[in-house]
Amino acid sequence: MSTKDNYYVTTSLPYVNGAPHLGHAMEFVMADVLARYARKNKKKVIFSTGTDEHGSKIAEKAKEKNMPIKELTDINSQAFKDLIKKLNISNDRFIRTTDAGHQQRAKLIWEKLKKDIYKNTYIGWYCTGCEEYKSEAHVKETNGVCPDHNRKYERLEEENYFFALSKYQGVIKEKIENSSFRVIPDTRRNETLALIRGGLEDISISRPKDKLDWGIPVPGDDTQIMYVWFEALMNYITVLGYPEHKDFADFWPANVQVIGKGINRFHTAIWPGILLALEIDLPQIVYVHGYINAVGGQKMSKSLGNAVTPDSIVDTYGVDAFRYFFLRHIPSYGDGDYSRERFEAVFNSELANELGNTVQRTTAMINQYQGGIIGDIPPAEHDIAEYIKHLENCHFDLALEVVWQQIRGLNQYIDEQKPWTIAKSGDMDHLKEVLAYMTSCLLEIGDLLLPFMPETAEKIITTFKSGVVAKELTPLFPRIESVK
RNA sequence: GGCAGGGUAGCUCAGUUGGUUAGAGCGCAGGACUCAUAAGCCUGAGGUCGCGAGUUCAAAUCUCGCCCCUGCUACCA
């Protein structure tokens with residue numbers, strides 16, 4: 001059983017059929033904030049992320065590129081590792097679903113689930129062009145003809161193993177409703193409840209090996225491999241060494257599992273079903289973030305030519321500016337837009353003008369009036385209950401809003417007190433008091449920013465902590481003079 | 001089609017159980033200052049609260065109809 005001193009947070013595992021995009025980056029950053037915040041509160045933390053590597057799409061991609069599947073996944077998985085490093089993500093683990101450990105444990109889990117697994121015939125509409133089954137609704141919409149290949153869908157059947165998900169719908173619903181299993185935000189929670197109300201059917205969890213053999217073999221049946229989703233979900237516990245490892249005992253259930261809205265049902269309906277069948281606890285929170293769009297809510301995609309890579313933003317503006325923008329200006333409970341213009345506007349007004357300049361003017365005054373010596377710094381005094389509440393609810397945007405209110409408050413204080421006037425009047429004791437108070441505020445702000453912008457927060461804290469300010473300090477965020 | 005959530009200042013959004021001149025940030029304009037990254041502070045302009053009807057002494061807030069947007073609708077991950 002996880003204790004209140006231990007904290008386990010995960011991201012979903014990106015599927016490695018393409019390069020990392022902004023959505024992946026944002027998810028890593030969000031989970032990282034939670035992990036850093038927990039560590040700051042003296043908890044023992046396991047923060048896990050990784051890559052999902054099986055399934056037909058990967059196999060197809062490799063075939064398309066004429067390269068061994070494993071080689072493709074190695075390359076693509078590495079791209080995610082590189083991004084994680086670039087974003088200053090503090091993950092403790094990085095699991096790949098192709099790891100031997102995961103595969104072994106997935107088989108073990110399959111064995112344990114056997115009481116809820118049965119063999120059945122899957123009947124569906126199959127397009128020989130797409131090489132995949134289409135849903136009943138899709139077939140209806142297209143009048144039984146595949147629009148991509150202009151050929152009729154065939155009625156095909158195959159042997160599959162099924163998982164008795166329907167058995168667990170009552171319990172899942174109850175746990176969501178009584179919030180012992182929290183789905184954040186409410187819109188996603190309602191979505192899942194509606195889904196369950198409509199009835200959860202048993203799901204197919206294997207594929208015949210002759211159609212696809214890039215996957216984990218079903219134990220005791222070498223004609224079948226596990227369906228990629230079924231096995232990928234298990235990473236959240238295999239990475240802890242389920243069932244026998246101490247980490248599993250110490251850290252499960254997860255405190256927060258961060259996912260994107262597109263995979264909600266897998267994490268709030270199917271995943272709980274698996275856990276209930278294994279007779280282990282559900283995660284405490286599944287937090288579902290939204291998508292990042294281009295200006296005007298337009299979808300960002302390579303084919304539209306409006307896709308922006310995380311790398312390009314970080315390289316231009318720095319990692320903390322990146323983290324700040326996506327945490328504060330993409331609504332934590334919804335979708336948001338990214339554009340270079342918006343990013344730069346935010347960078348200048350909030351990071352350069354407000355935060356950066358406040359630090360700058362404070363150090364400048366301490367240097368000019370007191371030779372860099374601050375003196376006794378009073379303890380922090382602001383009420384941060386709101387900040388804490390927002391973080392506990394994964395409301396990253398509002399938590400940062402609280403910090404910025406403090407920064408604005410400090411600027412107002414400075415203009416009211418006018419330390420430069422006090423300096424001229426010669427009341428050096430009063431001046432010292434005012435400057436020390438300003439310092440105290442900035443130290444508190446630095447502390448609150450630690451989970452969000454680790455490097456910047458560190459810089460602010462080391463600037464003031466010793467009680468002596470260095471002579472030459474470079475601005476935290478130099479203004480961007482845009483060439484328009 | 002069904003279910004859910006939206007449409008509020010140029011932009012991004014707040015608006016608690018219906019109640020005095022509808023709010024914030026950005027952007028814009030003006031002012032006083034000078035410690036600072038020409039940053040910060042103060043003041044101001046700007047909205048028939050999607051459209052139409054209804055309930056009410058009173059509606060952005062409730063009811064009905066219509067228009068528009070987004071998500072989910074279960075086996076692509």
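In the text below, chain A, chain B and the rest are named by the order of the sequence lines, each starting its count at 1.
- Side chain to side chain, A/Glu354 and A/Ser349 fail the donor-acceptor criterion of an N or O pair below 3.5 Å.
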**Report entry** Step-by-step salt bridge (charged side-chain N to carboxylate O under 4.0 Å, His left out) determination, A/Asp337 to A/Arg342
**Finding:** CA-CA 9 Å; A/Asp337 299 352; A/Arg342 203 162 132 65; over 6 Å; no

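- In this structure, A/Lys418 contributes its side chain and A/Asp415 its backbone to a donor-acceptor pair below 3.5 Å.
- Using a 4.0 Å heavy-atom distance criterion, A/Gln360 is classed as a base contact.
- Between the side chain of A/Tyr369 and the main chain of A/Leu435, no donor-acceptor pair closer than 3.5 Å is present.
- Rounded to a whole Å, the CG atom of A/Leu200 is 13 Å from the P atom of B/C75.
- For the pair A/Leu442 CG and B/A36 P, the computed distance is 16 Å after rounding to whole Å.
- When heavy atoms are screened at a 4.0 angstrom cut-off, A/Phe477 is found touching base atoms of the nucleic acid.
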Are any protein N/O atoms closer than 3.5 Å to N/O atoms in nucleotides 22-31 of chain B? If there are, list each pair with its distance.
none

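- For the C1' atoms, the distance from B/C28 to B/U20 is 30 Å, rounded to whole Å.
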Contact list (N/O, under 3.5 angstrom) for nucleotides 70-72 of chain B vs protein:
from: B/G71; atom 1: O2'; to: A/Arg188; atom 2: NH1; distance (Å): 3.0
from: B/G71; atom 1: O2'; to: A/Glu191; atom 2: OE1; distance (Å): 3.2

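- In B/G10 the base sits anti relative to the sugar, since the glycosidic angle is further than 90° from 0.
- The shortest side-chain heavy-atom distance between A/Val286 and A/Ile259 falls under the 4.5 Å cut-off.
- Although no hydrogens or angles enter the test, the distance criterion places no donor-acceptor pair under 3.5 Å between the side chain of A/Arg328 and the main chain of A/Leu400.
- Nucleic acid contact for A/Gly55: none, since no nucleic acid atom lies under 4.0 Å from a heavy atom of the residue.
- Side-chain proximity of A/Met365 to B/U37, B/C35, B/C42: nearest is B/C35.
- Candidate nucleotides B/C13, B/C75, B/C35 were compared by shortest atom distance to the side chain of A/Lys424, and B/C35 ranks first.
- Computed from coordinates, the A/Glu158 CD to B/C75 P distance equals 14 Å when rounded to whole Å.
- For A/Pro475, whose side chain is taken as the heavy atoms from C-beta onward, the closest listed nucleotide among B/C13, B/A36, B/U37 is B/U37.
- Between A/Asn357 and A/Asp52, the one whose closest nucleotide on RNA chain B sits nearer the 5' end is A/Asn357.
- The pair A/Glu392-A/Lys389 fails the salt-bridge criterion, with no side-chain N (NZ, NE, NH1 or NH2) lying under 4.0 Å from an Asp/Glu carboxylate O.
- Look at the C1' atom in both B/U56 and B/C62: the space between them is 10 Å, to the nearest Å.
- With rounding to whole Å, A/Leu355 atom CG is found 18 Å from B/A36 atom P.
- No contact: A/Gly336 has no heavy atom under 4.0 Å from any strand.
- Taking the C1' atoms as reference points, B/G18 lies 15 Å from B/G54, given to the whole Å.
- If you take CD of A/Gln169 and C1' of B/A74, they are 12 Å apart, rounded to a whole angstrom.
- There is no side-chain donor-acceptor pair under 3.5 Å between A/Asp186 and A/Tyr333.
- When the C1' atom is compared between B/G44 and B/A9, the two are found 14 Å apart, to the nearest whole Å.
- Between the P atoms of B/U17 and B/G31, the separation comes to 44 Å (whole Å).
- Consecutive Watson-Crick or G-U pairing (both distances under 3.5 Å) extending over three or more pairs maps onto RNA chain B as B:1-7 with B:67-73, B:10-13 with B:23-26, B:28-31 with B:41-44, B:50-54 with B:62-66.
- Between the CG atom of A/Leu193 and the C1' atom of B/A74 there is a distance of 15 Å, given to the nearest Å.
- The separation between A/Asn293 atom CG and B/U12 atom C1' is 14 Å, rounded to whole Å.
- In the model, A/Asp427 has no side-chain atom that pairs as donor or acceptor with a side-chain atom of A/Ser425 under 3.5 Å.
- Among the nucleotides B/A36, B/U37, B/A77, the one closest to the side chain of A/Tyr15 is B/A77.
- Checked for salt-bridge contact, A/Glu177 and A/Lys173 meet the test: a charged N lies under 4.0 Å from a carboxylate O.
- Counting any heavy atom pair closer than 4.0 Å across all strands shown, A/Leu476 reaches a base atom.
- Proximity of a side-chain donor or acceptor of A/Tyr291 to a complementary backbone N or O of A/Gly262 within less than 3.5 Å is detected.
- Rounded to whole Å, the distance from CD on A/Glu416 to P on B/U34 is 17 Å.
- Distance check on atom P: B/A59 versus B/G19 gives 11 Å, rounded to whole Å.
- The listed nucleotides are B/A77, B/U34, B/A74; the one nearest the side chain of A/Trp420 is B/U34.
- Between A/His102 and A/Glu231, the side chains place a donor N or O and an acceptor N or O closer than 3.5 Å (distance only, hydrogens not considered).
- Each of A/Thr363, A/Asn353, A/Asn411 was compared with A/Thr358 under the side-chain hydrogen bond (donor to acceptor under 3.5 Å, both in side chains) criterion, and only A/Asn411 meets it.
- Between B/C35, B/A74, B/C41, one nucleotide has an atom nearer to the side chain of A/Asn411 than all others, and that is B/C41.
- For A/Trp229, counting side-chain heavy atoms from C-beta on, the closest listed nucleotide (B/C41, B/C35, B/A77) is B/A77.
- Defined by atom type and a distance below 3.5 Å, a donor-acceptor pair is missing between the side-chain atoms of A/Asn120 and A/Tyr161.
- Using P as the reference atom, B/G30 and B/A45 are 15 Å apart when rounded to the nearest Å.
- Spacing between B/G47 and B/A32 at atom C1', rounded to whole Å, works out to 30 Å.
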